[in-house]
Chemist: 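If you scroll down you'll find the structure; I have some questions about it.
Predicted, not measured: the structure shown is a model, and the values here were computed from it.
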There are 2 protein chains.
Amino acid sequence: MAKKQKPTDSELEILQILWEGGASTVKAVNEKLNEKKETGYTTTLKMLQIMFEKNLVERNENERSHVYKAAINKDDIQKLLLDKLLETAFSGSAANLVLHALGNSNPSKEELTKIKELLNQIEKERK
Amino acid sequence: MAKKQKPTDSELEILQILWEGGASTVKAVNEKLNEKKETGYTTTLKMLQIMFEKNLVERNENERSHVYKAAINKDDIQKLLLDKLLETAFSGSAANLVLHALGNSNPSKEELTKIKELLNQIEKERK
DNA sequence: CATCCTTTACGAAAAGTTTCGTAGTTCCCC
DNA sequence: GGGGAACTACGAAACTTTTCGTAAAGGATG
């Protein structure tokens, strides 16, 4: 069962690794983590254990090296965090957030096309 | 001088109040805060003092009741938080974030138009 | 089977955030 | 000018998050 509480920044880093690389051992997660920042093995282990208690991850204990995987959906968390940001920093104005995001980024042609399609679709439904 | 560090959730709540209502006394901030959640007066005071030390807010001590105002720009914080979210939860794909935001919201006709204009402008610059 | 390596478990320190009690100051008003 | 109300300052408690040291268990190997 997915959790409805916002993961911390560190937890999110780990979730990102699990979403991207699928089920992984502590060792694997730690190595990925260390590509970005120095992190002790037991630190990573402890994080995963805590996340396990919070039901943020599941684990398979069949092997000696437990295998962890994300217990929550990436889309759900994206929505959760986006909604929160929208509310706390953008006073609920999604359009404003979108304008900011587009302004500060450099979307590819394909991405632009996708966004336009979505806009057209929204307008069509509106009629 | 603006800060480059992410404000905490509580700090953001207070900043929001200051951005919206302009320079305010502790009392005023506390009252606004209490519309949302019970918060002791000294708690709010302490938060503002801490934020002052972090240079998140400025204060005018001329009057007996100090008057606080945001020392950082709303746009800057929006950008900071958005960039962070983009990186940590959306793997850097702004288009993906935008699609999520548009999908979960209900933008007005005017907002849709503004977004489209920005898209067109981006495409024009691209050429 | 003694030793080494990998791994888990656990407690606790370190760091950061939030809340609040208490004390002291200033100002007002009777 | 004494007492109370409105404030500020400050320290410390309560929590949460992050990091890591140490112990112990499991497995592999000479």
Chemist: To the nearest angstrom, how far is L48(A) atom CG from dT8(C) atom C1'?
Modeler: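 It works out to 12 Å between those atoms.
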Chemist: Under 4.0 Å between a Lys/Arg side-chain N and an Asp/Glu carboxylate O for E11(A) and K54(A)?
Modeler: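 Answer for the salt bridge query: yes.
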Chemist: Between Q49(A) and dA9(C), is there a side-chain N or O to OP1/OP2 distance below 4.0 Å?
Modeler: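 For Q49(A), the contact criterion (side-chain N or O under 4.0 Å from OP1 or OP2 of dA9(C)) is met.
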Chemist: May I ask you to verify if any side-chain N or O of R59(A) is less than 4.0 angstrom from the OP1 or OP2 atom of dA9(C)?
Modeler: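 Yes, R59(A) has a side-chain N/O under 4.0 Å of OP1/OP2 on dA9(C).
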Chemist: For the CG atom of L18(B) and the CG atom of L48(B), what is their distance to the nearest 0.5 Å?
Modeler: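 Going from CG on L18(B) over to CG on L48(B), the span is 6.5 Å.
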Chemist: Using whole Å, what does the distance between atom P of nucleotide dT16(D) and atom NZ of K6(A) come to?
Modeler: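 From K6(A) NZ to dT16(D) P: 15 Å.
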Chemist: Just verifying a value: how many Å separate L33(A) CG and T39(A) OG1, rounded to the nearest 0.5 Å?
Modeler: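 Reported to 0.5 Å precision, the distance equals 4.0 Å.
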Chemist: Tell me the interatomic distance from H66(B), atom NE2, to dT25(C), atom P, rounded to whole angstroms.
Modeler: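 My rounded result for the distance is 14 Å.
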Chemist: Could you state the atom-to-atom distance from CG of N62(B) to P of dT8(D) in whole Å?
Modeler: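 N62(B) atom CG is separated from dT8(D) atom P by 13 Å.
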Chemist: For F52(A) and dA9(C), what is the distance between atoms CZ and P respectively, to the nearest whole Å?
Modeler: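 Going from CZ in F52(A) over to P in dA9(C) covers 9 Å.
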Chemist: Taking atom C1' of dG24(C) as reference, at what distance in whole Å does atom CZ of R64(B) sit?
Modeler: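 For the pair R64(B) CZ and dG24(C) C1', the rounded distance is 12 Å.
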Chemist: Nearest whole Å is fine: how far is dA12(C) C1' from I50(A) CD1?
Modeler: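 Distance check: I50(A) CD1 to dA12(C) C1' gives 12 Å.
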Chemist: Can you tell whether the side chains of K79(A) and D83(A) come within less than 4.0 Å, N to carboxylate O?
Modeler: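 Yes.
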Chemist: If we ignore angles and hydrogens, is there a donor and acceptor under 3.5 Å between the side chains of N60(A) and N62(A)?
Modeler: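 On atom types as modelled, these side chains qualify, holding a pair under 3.5 Å.
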Chemist: For the hydrophobic clusters of this structure (ILVMFWY residues joined by side-chain heavy atoms under 4.5 Å, transitively), does one cluster hold both Y41(A) and Y68(A)?
Modeler: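 Yes, one cluster joins them.
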Chemist: So which of residues 24-46 of chain A are in contact with DNA chain C, with a heavy-atom cut-off of under 4.0 Å?
Modeler: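 Heavy-atom contacts with DNA chain C come from V26(A), K27(A), Y41(A), T42(A), L45(A), K46(A).
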Chemist: Mind calculating the distance between CD (E53(B)) and P (dT8(D)) to the nearest angstrom?
Modeler: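 Value for this atom pair: 15 Å.
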Chemist: Within less than 4.0 Å of OP1 or OP2 of dT17(D), is there a side-chain N or O belonging to S10(A)?
Modeler: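 No, S10(A) has no side-chain N/O under 4.0 Å of OP1/OP2 on dT17(D).
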Chemist: Run the salt-bridge test on K37(B) and E13(B) with the 4.0 Å N-O cut-off and return the result as yes or no.
Modeler: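 Judged by the 4.0 Å cut-off on N to carboxylate O distance, K37(B) and E13(B) do form a salt bridge.
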